[in-house]
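Input: a single structure, listed below in C-alpha cells.
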Amino acid sequence: MTEPNPAEPASKNFIEVEIEKDFASKPQLAGRTVATRFPPEPNGYLHIGHAKSICLNFGLARTYGGTCNLRFDDTNPSKENDEYVQSIMNDVRWLGFEWSNLHYASDYFGQLYDWAVQLVRDGKAFVCDLSFDEMRAYRGTLTEPGKNSPFRDRSVEENLDLFERMKKGEFADGTRTLRAKIDMSSPNTNLRDPVMYRIMHAHHHRTGDAWCIYPMYDWAHGQSDSIENITHSICTLEFENHRPLYDWFCQNLGIYHPRQMEFARMNLTYTVMSKRKLLQLVNEKHVEGWDDPRMPTISGLRRRGYTPESLHLFCDRIGVARFNSTIDVIILENSIRDHLNSVASRYMAVLDPIKVVLTNYPDTTEYLDAVNNPEDESTGVRQLPFSKELYIEREDFMETPPSKFFRLKPGGEVRLRYAYIIRCEEVVKDADGNIVQLNCTYDADTKSGSPNATERKVKGTIHWVSAPQAAKVKVRLYDRLFLNDHPEDAPEGKTFLDNINPNSIKVIDAMVEPALAKLEIGARVQFERNGYYCVDTKDSKPGAPVFNRIVTLKDTWAKISAKS
RNA sequence: UGCCCCGUGGUGUAAUUGGCAACACAAGUGAUUUUGGUUCAUUUAUUCUAGGUUCGAGUCCUAGCGGGGUAGCCA
C-alpha cells in the first residue's frame with residue numbers, strides 16, 4: 001500500500017516509548033519482538049474508532065517487525081454472531097492489514113475452564129449462589145467496602161463439585177457464578193471477588209451448545225493474551241481499572257504475563273461512536289444500514305469513498321495519548337482530500353445546470369484536450385466534446401454579483417475550462433422571472449492551448465459540459481449526519497436523534513461529461529471545482545452510475561461570500 | 001463521595017527525560033494558479049492555578065482547580 005505524504009519520522013507515541021523500554025530491560029522479552037492483537041467483540045460493525053486501534057496494533061507489529069493477531073472476543077453468545085465476524089475481517093483487510101494468526105477467545109474455553117479449576121483447588125475461587133440483586137448489595141459502593149459472600153468459605157471439594165455441575169448444565173441461568181476470591185474491601189471494585197463465569201444456556205456462534213457457562217471478559221482476555229504470547233496488550237482507557245485484575249489472574253495462575261497498556265479512545269465531532277447508538281441508527285432506520293455512507297463505520301466510510309490510505313493518514317495525524325480528546329471531523333475530511341487530490345482523475349460535472357448558448361459558435365462539435373490530473377502528468381489528457389449548447393453551474397452566474405465575484409455576470413467574461421473565454425450577452429427568463437438560459441458569445445482566439453490563449457486574462461474559470469453529449473446521472477450529496485458538533489449534547493427531553501441533520505442526504509440528477517457514465521464501480525474521481533465523488537458499489541448499474549459525494553473541495557469563495 | 005487516570009497554541013500531538021516550547025492540522029493574511037482546488041510564504045502560547053526544589057521546571061515536590069473512568073452475571 002502506498003502511504004500518501006509519509007509523515008517524516010514522526011516522534012514516538014508513549015506506547016512505542018514504553019515498548020522500547022520493555023524490550024531493553026525485561027529479561028522475559030529477550031530475543032522476542034513485539035506481539036500485539038486486535039481483539040474486537042463480534043457484536044457490531046467496526047467504526048473509525050476501531051480503525052485507530054487497528055492502525056495502532058497492526059502498525060506496531062509493522063514498525064517493529066513483530067506480529068499482530070486478530071482475536072474475536074466472543075465470550076458473550078447472546079450478542080455475537082458470524083455476520084459481524086465476517087465484516088470485521090473484511091474491514092481489517094481493507095485497511096491493508098493481515099493478521100499473523102486468527103483466534104477466537106472461544107477456542108480457549110477448555111483451557112480457561114482448567115485454569116478456573118486450578119484456582120478453585122488453590123482456594124482462590126469459589127462458587128457463589130448469590131442472586132444478581134444480592135451480589136450487587138454485597139459489593140458495596142464506591143465509598144463503602146463490600147461484604148464477603150456467605151458462600152465464600154465453601155470447601156474446595158464442594159466448589160469443585162458445584163463448578164463441574166454448573167458446567168454440566170444442572171443449574172438455571174443466573175443462579176450461580178464462579179468468583180475469584182480477592183478482596184471485598186478493595187477500593188478498586190473490580191477486585192471485589194469478580195465473577196469469572198456465569199451460567200448462560202445460549203447457543204454460541206462457534207462452540208454451539210457445548211457450553212452453558214461462559215467466561216467474563218476479565219477472566220478471558222488476559223489469559224487469551226497469555227496463551228498467544230502477546231507482549232503488549234493495548235486497550236482503551238476504561239479498562240485501566242481492570243489492569244490490577246488482569247495482573248492478578250496471570251500472577252495467581254503462574255502463567256506468562258503480558259503487559260496491558262491503555263490509550264484514549266477517539267471522539268469525533270458531528271458523529272456518535274458508541275455501538276449502541278450506531279445500532280439504534282440502523283434499527284430505527286435513521287440510516288439505510290451499517291454501511292450507509294453517512295455512518296462512521298468502516299464499511300460506511302468505505303462506501304462513502306474513503307480510501308484506506310486516507311484513514312491511515314488520519315490516524316497518523318491524530319496521534320495516540322492518554323488524554324480523552326475530541327477530533328475535529330475536518331481532520332478526517334482533509335485526510336481524504338489530501339489523498340484524493342494526488343490520485344483522483346478530474347472530470348466535468350454540472351450538478352445544478354443552467355443552459356448556455358454560444359450564439360456565434362458554429363453548429364459543430366469539436367474535441368478539446370483536458371488534463372486528467374494536474375498532480376500526476378502520467379495520467380495524460382482526454383478529449384472533451386464542445387459545442388454551441390452547454391450547461392454551466394447555476395451558482396456560477398449571478399445577475400447582480402458582489403464585487404469579488406469572479407464568475408459569469410451580464411456583460412462579463414469568464415473562461416470555460418479547457419475551452420474559450422465567453423461573454424454573457426443576454427439573460428433569458430421565463431414568465432416567473434426564473435433564469436432559464438444565458439446567451440453568450442465566445443472568442444475564437446482564446447482557445448485553451450493555442451499560442452495566444454493566455455494573452456487575454458479573465459479572473460474566473462468555470463466548468464461546463466456540452467449539452468448534446470452530456471449524460472444524466474444520479475448524484476447523492478452527503479453532508480454530516482448530525483447538526484451538533486457533540487450530538488450527545490441534547491436539550492432536556494431530547495436525544496442525539498433530535499440532532500440528526502435532516503439534509504444529510506440530497507439526491508439529484510446531474511449533467512456530466514460522457515466519460516463519467518462509463519466509470520467502473522467504486523471509482524473515485526474529482527468533479528472539477530466541486531468535490532470528490534465515488535461510484536457507489538451497491539446502487540450503480542453498468543452505464544448508470546450513482547455517485548456518492550465523498551467530500552467537497554475546500555471552498556474559499558463560500559467563506560468570502562458568507563462574510564459579506 | 002472512595003480509588004485510578006489526565007490537564008501544553010483554535011484542534012491533535014512533541015519536547016533528547018531538568019537545558020532556546022516543536023510538528024501536523026485548522027483559522028487569518030499575502031503570492032502563484034485556466035479548479036476560489038493544489039502549491040509557497042507568513043501570523044497565532046503567561047505549558048490549568050498557587051507555592052516549593054534548582055543556576056535553570058512543561059518536565060520534579062506540595063496543595064488546589066478542572067476533565068474523564070469506575071459500583072454488569074457487558075466488553
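Chain letters run A, B, ... following the sequence lines, proteins first and then strands; every chain starts at 1. Predicted model, so just to flag it, every value in this text is computed and none were measured. Just so it is clear, the values below take in all heavy atoms, side chains as well, and ignore hydrogens, waters and symmetry mates.
- Scanning for side-chain hydrogen bond (donor to acceptor under 3.5 Å, both in side chains) contacts around A/Arg198 gives an empty result, with sequence neighbours left out.
- Applying the salt bridge (Lys or Arg N to Asp or Glu O under 4.0 Å) definition to pairs two or more places apart or across chains, those involving residues 132-141 of chain A are A/Asp133-A/Arg136.
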Nucleotides 70-75 of chain B: protein proximity per nucleotide (B base, S sugar-phosphate only, - neither; heavy atom, under 4.0 Å): BBSBSB
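- A/Arg179 meets the salt bridge (charged side-chain N to carboxylate O under 4.0 Å, His left out) test with no other residue; sequence neighbours excluded.
- For A/Glu240, the listed nucleotide lying nearest its side chain is B/C4; candidates were B/C4, B/U17, B/A24.
- When the salt bridge (charged side-chain N to carboxylate O under 4.0 Å, His left out) test is applied to A/Arg165, the partners found at least two apart in sequence or on another chain are A/Asp161, A/Glu170.
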Readout for nucleotides 32-40 of chain B: B = base within 4.0 Å of protein heavy atom, S = sugar-phosphate only, - = neither; 5' to 3' it is --BBBBS--
Strand RNA chain B in bracket notation, Watson-Crick/G-U under 3.5 Å with | for pairs to another chain: .((((((..((((.....[..)))).(((((.......)))))....(((((..]....))))))))))).....
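- Scored by the side-chain hydrogen bond (donor to acceptor under 3.5 Å, both in side chains) test, A/Gln223 finds no partners at all (sequence neighbours excluded).
- Using bins of under 30°, 30° to 60° and over 60° for the plane-to-plane angle, the ring pair A/Tyr246/A/His221 lands in the tilted bin.
- Only the C1' atoms considered, B/U59 is 11 Å distant from B/G19, to the nearest whole Å.
- When the salt bridge (charged side-chain N to carboxylate O under 4.0 Å, His left out) test is applied to A/Glu262, the partners found at least two apart in sequence or on another chain are A/Arg243, A/Arg322.
- Applying the ring pair (Phe, Tyr, Trp, His ring centres under 6.0 Å) rule to A/Phe72 yields the partners A/Tyr104; only residues at least two apart in sequence or on another chain are considered.
- At a non-hydrogen distance threshold of 4.0 Å, nothing from residues 259-276 of chain A comes into contact with RNA chain B.
- The stretch residues 323-330 of chain A touches RNA chain B through A/Phe323, A/Asn324, A/Ser325, A/Thr326, A/Ile327, A/Ile330, each having a heavy atom under 4.0 angstrom from the strand.
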